[in-house]
Each structure stands twice: as structure tokens, then as C-alpha cells.
Amino acid sequence: MRRILVAGITGAGKSTLARTLGERFGLPFHEMDALHFTGPGWAVNPEFGAEVARIAAGPAWIFDSFGYPEVRDLLWEQADTVLWLDYPKRVVLPRVLRRSLRRTLLRERVFGGNREKLTEWFSPDHPVRWAWSQHATRRADIGRRAHDPRFAPLQVIRFATPAETAAWLAGGAGQQP
């Protein structure tokens, strides 16, 4: 495990797991949204694709994302391991709701210096609404990719519950070679 993609729906805990593994294995962790959103008004990094390609060409990394469409195939082709946080809605929705409430109420700065605003909660792209509406679609997309012959050498480890993930971590998480 030297090129790890942590996949799942919004609120599953991708960043937390990726950060933990980066520290444990000494691998560079890259937060996909921080690379994608680089300015006010949720401005998208014009060099996003090139930057992700440069990182993905490296010998070791961890990304916390299924991958934005423009880099998704690249990441799945370059990764050697996908850790799939395939948690049910009843797990992810309270997590993303708490996170978004905290960010909104405390006016926390996130990617590109942006803040989640109350008015954004009514947008279909808001993380809470996204986690609700896209859960089944994202799950099916990751499942298809996990069995796609184009990514055959890829090791996919699926976790159905946070307890499974915690047990895997406690058991040595595959022990880095």
C-alpha cells in the first residue's frame, strides 16, 4: 500500500482515515477538496488536473476522494489500494450534518478560505443534501469501479461499518512493507 485512494460518500470519514494512514505510514496525504477549491466563492483551481496528475505520478500518496470526474480514472489507474468506506446513510448523514452545522455556526474556514453559509444549505450541492441524494449513486459507482477490469491489479478493501474500519486499523492496517 503505497498509493492509496480512500473512497466513499460525503461524511463517511475519508479525510480522517486518509490523514491517519498518512501519519502511520509516513505517506503524503492530499485532501482532494483543498486541491480543487483554491479561492473565494469556491473558485476551482485552474491547474487542478495537472496538479493531481503530478502527485499521482509519484511513488507514494494518499487521496481522500472517489475523485472528481476529470481525475477519477487517473487516480483509479495509479492507485494500488482503494479503501472503500461503504457506510449506510444512517452513519454518514449524522456525521455530515454535525460537520456542516459546526462549520456554518462557527464560520470555520475550509477549502480556499471559503465558509459554509446557511443559504448554501438549500443548494443541491450542499454536503448534507449531497450525502442524502447521492448515497446510492456513489455506492453503485464505486462498486462498478471495484469490479472493473481496467483496474484489475487494484486491491479494494470494503468497510461496511466504522467498527470494521476501526478493527482493521487496530489490527495493523495491512502493515506497510
| query | Hey, does Lys14 have a side-chain heavy atom less than 4.5 Å from the side chain of Phe66? | reply | no
| Side chain Arg95, main chain Ala12, donor-acceptor under 3.5 Å | yes
| message | Would you call the rings of Phe37 and Tyr68 parallel, tilted or perpendicular, taking 30° and 60° as the class edges? | response | perpendicular
| said: Determine whether a donor-acceptor pair (N or O, by modelled atom type, separation under 3.5 Å) exists between the side chain of Arg3 and the backbone of Asp80. | reply: no
| field | Arg150, CZ: over 12 other non-hydrogen atoms inside 6.0 angstrom | value | yes
| What closest approach, in Å, do Ile4 and Leu83 show between heavy atoms, and which atom pair accounts for it? | CG2-CD1, 3.9 Å
| query | Any idea which heavy atoms bring Tyr87 and Val92 closest together, and the distance? | reply | CB-CG1, 4.0 Å
| query | What are the two closest non-hydrogen atoms of Leu5 and Ala79, and how far apart are they? | reply | CB-CB, 4.3 Å
| task | Determine whether more than 12 heavy atoms belonging to other residues, nucleotides or ligands lie under 6.0 Å from atom CH2 of Trp42. | result | yes
| message | With heavy-atom distances below 4.5 Å as the criterion, would you say the side chains of Met32 and Val52 are in contact? | response | yes
| query | Heavy atoms, side chains only, cut-off 4.5 Å: are Leu169 and Leu17 in contact? | reply | yes
| query | Salt bridge between Asp148 and Arg145, side-chain N to carboxylate O under 4.0 Å? | reply | no
| said: Just so I know, are the side chains of His126 and Trp132 near enough to count as touching, which here means a heavy-atom distance under 4.5 Å? | reply: no
| message | How about NZ on Lys89, more than 12 heavy atoms from neighbouring residues, nucleotides or ligands closer than 6.0 Å, or not? | response | yes
| Check: Leu35 and Phe63 side chains under 4.5 Å, non-hydrogen atoms | yes
| request: Only counting residues at least two apart or in another chain, list the ones meeting side chain to side chain donor-acceptor pair (under 3.5 Å) with Glu108. | output: Arg102
| request: Please confirm whether the backbone N or O of Val6 pairs with a side-chain atom of Asp64, one donor and one acceptor, at under 3.5 Å? | output: no
| field | Polar side-chain atom of Arg139 near backbone of Asp86 as donor-acceptor pair, under 3.5 Å | value | no
| If every non-hydrogen atom of Arg99 is compared with every non-hydrogen atom of Pro127, which pair is closest and at what distance? | NH2-CB, 4.0 Å
| request: Mark yes or no for whether Trp121, through its side chain, and Arg129, through its backbone, hold a donor-acceptor pair below 3.5 Å. | output: no
